[in-house]
Amino acid sequence: MKWRMRYLTMFISALLLVTLSFVLWTSNQKKILRIGVYAGSSWDVPNSRENRVLDNIIRQFEKSYPNVKVVYESGIPKKDYDNWLAEKILKGEQADVFMVPENDFSMLASSGAFKSLDSLISKEEAVAYYPVAYQAGQYQGHSYALPIESNPVMMCVNKDLLEKEGISIPDSNWTLEDLYAICQKVTKDTDGDSLIDQYGITDYTWKQALVAYNGHLRNQNGVNVDSVEMHQALSFISKLDSLNQRYKVTSNDFDEGKVAFYPMSLAQYRTYKPYPYHVAKYSRFSWTCIPMPAAKAGIPATQVKTSLFAMSSKTKQDKLAWEFMKLLCQNHKNQQELFAKSQGTSVLTSVVKSSQTKKILQADDFGLDSLTSQRLDHMMKHSVLDISRDLDYHSLERLDYLLGNALKNNEIDSILPSIQREMEETGK
């Protein structure tokens, strides 16, 4: 009996020792937090510094959490990222935290790919973001992603051309009527050869006009193409185009100082500075940026795209994933560094209004009053979500083609009902 008790005691002791050793070994093993990102800029402009910010944030995180190793697969081009992510999700191998493909947010949210953030984010944290940026990560009233960077589309204005024509720079509440009146006045022959060589606007799209009329591509019934607002938007585009007597005005004409207005994203604007995107730096005119015009004063017509980070609904590292997301999207210092090294804007009001941001914008070579932090802050506060997110990429591409043909053939009113039916039949 004594030998049995002795063996039992030895066995239990050995078992405890093995268990303790396993626990200690496990605690010393680093946890892996996987991140899904694409390479380069979210805005399709050249940038080699954006992933450096991510690498720096990863180092910060690993220093705060020594038992965690953050890994990500580098070098995935943005154009391939949505397919890469879809394959990972299909296999159940998606990262714990990942960037959301530009036009896939609603689809992924509705399919249950994201973990809800409602119970994680506080009201104080939510209000630190610009409303338009925070709204980009919401689906059916619930938060599923945090914004990391935004990109508003502004109206760039050739100040010298307007001044030459005796026209004041429009204020922030200008309308489509104001835009047309100015375009009509400045579109002319300036050298006496009977050919128009000065123009009102270039690259103004039907999407921008639709937003100006407070229109949408979807309603509660689905795709909403044959709408009053779409008819108005396309009619306005046609009216603008007719001023140019069939000449296709391009951004090159703007670079040469021949065009009064050019809608441009903030990322495009900030990319103009370095070589080879530096034409404006050497041009002979000064310019500024103002909000986009609306059909009526008070309608926000400046669209904003926002890149998002979401947490996988399958993650087993939700606490670590949330802390990492906050370091990316809520940390003032990291957001400030991102503003300095990327071409978009911070999603935090405190960063956009900071003295560092003011200095960065003042350092641009487009004139002292090109774009100020105050003006950027105003745009972000009076803006709407990019209308393109209402449709997936291929549907939007198809719609763009169909509407382009309708404008070219001058058959807006007759063709919109059939375009509506085609979009419905494709199930998009």
Side-chain angles (χ1 to χ4, degrees), residues 45 151-191 196-205 208-209 212 240 243-244 247 249-275 277-294 297 300-304 343 345 352 357-383:
V45 293
N151 189 24
V153 173
M154 317 170 292
M155 185 67 85
C156 291
V157 186
N158 183 328
K159 293 171 64 177
D160 292 353
L161 192 153
L162 292 194
E163 185 178 338
K164 181 184 71 172
E165 298 295 339
I167 302 171
S168 301
I169 303 295
D171 62 28
S172 59
N173 287 318
W174 68 315
T175 64
L176 294 182
E177 184 179 352
D178 298 326
L179 172 62
Y180 183 79
I182 296 174
C183 288
Q184 188 177 39
K185 186 173 181 179
V186 304
T187 303
K188 60 173 64 174
D189 165 33
T190 63
D191 58 12
I196 295 175
D197 55 14
Q198 182 174 279
Y199 310 95
I201 193 167
T202 182
D203 288 1
Y204 188 71
T205 69
Q208 292 158 357
L240 277 178
L243 293 174
N244 305 320
Y247 176 74
V249 188
T250 69
S251 58
N252 287 333
D253 294 309
F254 181 83
D255 293 338
E256 293 172 7
K258 299 177 181 178
V259 185
F261 299 112
Y262 178 18
M264 184 185 292
S265 74
L266 177 66
Q268 286 176 284
Y269 169 88
R270 297 186 68 190
T271 308
Y272 253 62
K273 185 180 177 183
Y275 180 86
Y277 302 87
H278 65 328
V279 180
K281 180 177 178 180
Y282 300 106
S283 64
R284 297 179 179 178
F285 66 93
S286 59
W287 57 327
T288 190
C289 298
I290 58 177
M292 296 292 285
T302 297
Q303 296 180 80
V304 176
Q343 290 96 338
T345 184
V352 173
T357 296
K358 184 177 180 180
K359 290 176 182 176
I360 291 169
L361 292 175
Q362 283 179 340
D364 288 333
D365 294 312
F366 308 139
L368 292 176
D369 195 36
S370 306
L371 179 65
T372 63
S373 58
Q374 293 90 342
R375 191 171 298 163
L376 180 57
D377 174 63
H378 181 272
M379 287 184 195
M380 287 296 293
K381 286 177 177 174
H382 301 85
S383 55

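Hydrogens, waters and symmetry mates play no part in the numbers below; they use all other heavy atoms, side chains included.
- Here K258 contributes atom NZ and T202 contributes atom OG1; the two are 12.5 Å apart, rounded to the nearest 0.5 Å.
- Under the 4.5 Å side-chain criterion, counting only non-hydrogen atoms from C-beta, P152 is in contact with L376.
- Side-chain atoms of T205 and P263, non-hydrogen and from C-beta on, never get closer than 4.5 Å to each other.
- Evaluation of the side chain to side chain contact (heavy atoms under 4.5 Å, CB included) rule for T187 yields I196, L243, N244 as partners, not counting sequence neighbours.
- With sequence neighbours excluded, no residue satisfies side chain to side chain donor-acceptor pair (under 3.5 Å) with N252.
- When each of R375, Q374, K381 is paired with D377, the side-chain hydrogen bond (donor to acceptor under 3.5 Å, both in side chains) condition holds for K381 and for no other.
- Here the side chains of P170 and L179 are not in contact, with every heavy-atom distance at 4.5 Å or above.
- Residues M154 and L371 form a side-chain contact, since some pair of their non-hydrogen atoms from C-beta on lies under 4.5 Å apart.
- V157 places a side-chain heavy atom less than 4.5 Å from the side chain of F261.
- With N151 contributing its side chain and A267 its backbone, the two residues share a donor-acceptor pair below 3.5 Å.
- Remark: E177 pairs with no residue by the side chain to side chain donor-acceptor pair (under 3.5 Å) rule, at least two apart or across chains.
- From D203, atom CG reaches atom OH of Y262 across 5.0 Å, with rounding to the nearest 0.5 Å.
- Residues passing the salt bridge (Lys or Arg N to Asp or Glu O under 4.0 Å) test with K185, sequence neighbours excluded: none.
- Partners of H378 according to the side chain to side chain contact (heavy atoms under 4.5 Å, CB included) rule, which considers only residues two or more places apart in sequence or in another chain, are S172, P291, H382.
- Taking D253 as the reference, Y247, T250 meet the side chain to side chain donor-acceptor pair (under 3.5 Å) condition, with sequence neighbours excluded.
- Side-chain contact between D189 and D197: present, with at least one pair of heavy atoms (C-beta onward) separated by less than 4.5 Å.
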(request) Kindly determine whether M155 and I201 satisfy side chain to side chain contact (heavy atoms under 4.5 Å, CB included), including the steps that lead there. (result) CA-CA 10 Å; M155 185 67 85; I201 193 167; 3.8 Å; yes

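- Distance check: C156 SG to Q268 CD gives 8.5 Å after rounding to the nearest 0.5 Å.
- Summarising the geometry, atom CG belonging to D160 is positioned 12.5 Å from atom CH2 belonging to W287; distances are rounded to the nearest 0.5 Å.
- Counting only heavy atoms from C-beta outward, the side chains of V153 and S265 approach each other to under 4.5 Å.
- Considering only residues two or more places apart in sequence or on other chains, K164 meets the side chain to side chain contact (heavy atoms under 4.5 Å, CB included) condition with Q198.
- Partners of D178 according to the salt bridge (Lys or Arg N to Asp or Glu O under 4.0 Å) rule, which considers only residues two or more places apart in sequence or in another chain, do not exist here.
- Taking CE from M264 and OG1 from T271, the interatomic distance works out to 9.5 Å, rounded to the nearest 0.5 Å.
- When all heavy atoms are compared, the tightest approach of I169 to L162 is CD1-CD1, 4.0 Å.
- With sequence neighbours excluded, no residue forms a salt bridge (Lys or Arg N to Asp or Glu O under 4.0 Å) with K358.
- Of the inter-residue distances, the one linking S168 atom OG with K159 atom NZ reads 12.0 Å to the nearest 0.5 angstrom.
- Considering only residues two or more places apart in sequence or on other chains, Y204 meets the ring-ring contact (aromatic ring centres under 6.0 Å, His included) condition with none of them.
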